[in-house]
Amino acid sequence: RLGIAATDQGVRLIRARRLAPPASARARRLAERVRKELRQYLEGRRAFFTVPVALTGLPEFQRKVLAAVLAIPFGKVCSYTWVAQRIGHPRAARAVGTALGRNPVPIIVPCHRVRRSDGSLGGYLFGLSFKERLLALERESPGLTRRARR
């Protein structure tokens, strides 16, 4: 069970604990939409998310890292070094890992698609077994595209 926090601008936090309910009706609708899309993704029926993400207040470096990770396609995996190079900081692989460890909206911003350069998993907020489960789900759903059932 995932806790979801949303504002009128979008989802701002996903965690493995209960979070305060959204304050407005629009934020509640967005949180329910996120729940629906996450359920579809975890059932192997969705490859992307349509809900807006509210990343306001994050440091610029972290926003760049999260934007680069959003560009990693469903079913693909990249390294922390690849992300660092992509954002123009080729020697910042560890800082990329730290930024991803603080990802406020994991799964939607697919930090699970980032591994160490040696191929090992690295870390994950919800644990390495869940990260491997997400990667396996994406490997086992190769035909899922942007036209996936909604």
Only distances under 3.5 Å count here; give the side-chain donor-acceptor pairs of residues 94-116 to other protein atoms, sequence neighbours excluded, each with its distance to 0.1 Å.
unit_1	atom_1	unit_2	atom_2	d
Thr98	OG1	Arg94	O	3.2
Asn103	OD1	Val105	N	2.9
Asn103	ND2	Val109	O	2.9
His112	NE2	Tyr41	OH	3.2
His112	NE2	Glu138	OE2	2.8
Arg113	NE	Glu138	OE1	2.9
Arg113	NE	Glu138	OE2	3.2
Arg113	NH1	Ile72	O	2.8
Arg113	NH2	Glu138	OE2	3.0
Arg115	NE	Gly119	O	3.0
Arg115	NH2	Gly119	O	3.3

After noting the C-alpha distance and the side-chain angles of Val53 and Leu70, does the key distance pass the side chain to side chain contact (heavy atoms under 4.5 Å, CB included) rule? CA-CA 11 Å; Val53 177; Leu70 276 167; over 6 Å; no
Listing request: all salt bridge (charged side-chain N to carboxylate O under 4.0 Å, His left out) pairs with a residue in residues 21-32, at least two apart in sequence or in separate chains. Glu32-Arg35
What heavy-atom pair brings Leu38 and Ile4 nearest, and what distance separates the two atoms? CD1-CD1, 4.1 Å
Could you tell me which non-hydrogen atom of Tyr80 sits nearest to which non-hydrogen atom of Gly122, and how far apart they are? OH-CA, 3.8 Å
Leu58, Phe49: one ILVMFWY side-chain cluster at the under-4.5 Å cut-off? yes
Looking at Pro52 and Leu30, what are the two nearest heavy atoms and their distance? CD-CD2, 3.8 Å
Least distance between heavy atoms, Ala54 atom then Thr7 atom: CB-OG1, 4.1 Å
With the 4.5 Å side-chain cut-off for hydrophobic clustering, are Val34 and Leu2 part of the same group? yes
Between Glu132 and Arg139, is the closest basic N to carboxylate O distance under 4.0 Å? yes
Partners of Tyr124 by ring-ring contact (aromatic ring centres under 6.0 Å, His included), sequence neighbours excluded? Phe126
Are Val65 and Leu13 connected in the hydrophobic side-chain network, where two residues link if heavy atoms are under 4.5 Å apart? no
Hydrophobic cluster identity match, Leu137 and Phe130, side-chain contacts under 4.5 Å: yes
Kindly state each residue pair satisfying salt bridge (charged side-chain N to carboxylate O under 4.0 Å, His left out) with at least one member in residues 4-17, sequence neighbours excluded. none
Residue pairs, two or more places apart or on separate chains, that pass salt bridge (charged side-chain N to carboxylate O under 4.0 Å, His left out) and touch residues 60-74: Glu60-Lys64
Under the side-chain hydrogen bond (donor to acceptor under 3.5 Å, both in side chains) rule, what pairs show up with a residue in residues 67-78, not counting sequence neighbours? none
How would you list, by chain and number, every residue that makes a side-chain hydrogen bond (donor to acceptor under 3.5 Å, both in side chains) with Ser79, sequence neighbours excluded? none
Contacts of type side-chain hydrogen bond (donor to acceptor under 3.5 Å, both in side chains), residue Thr56, not counting sequence neighbours: none
Counterpart residues, salt bridge (charged side-chain N to carboxylate O under 4.0 Å, His left out), relative to Arg33 (two or more places apart): Glu37
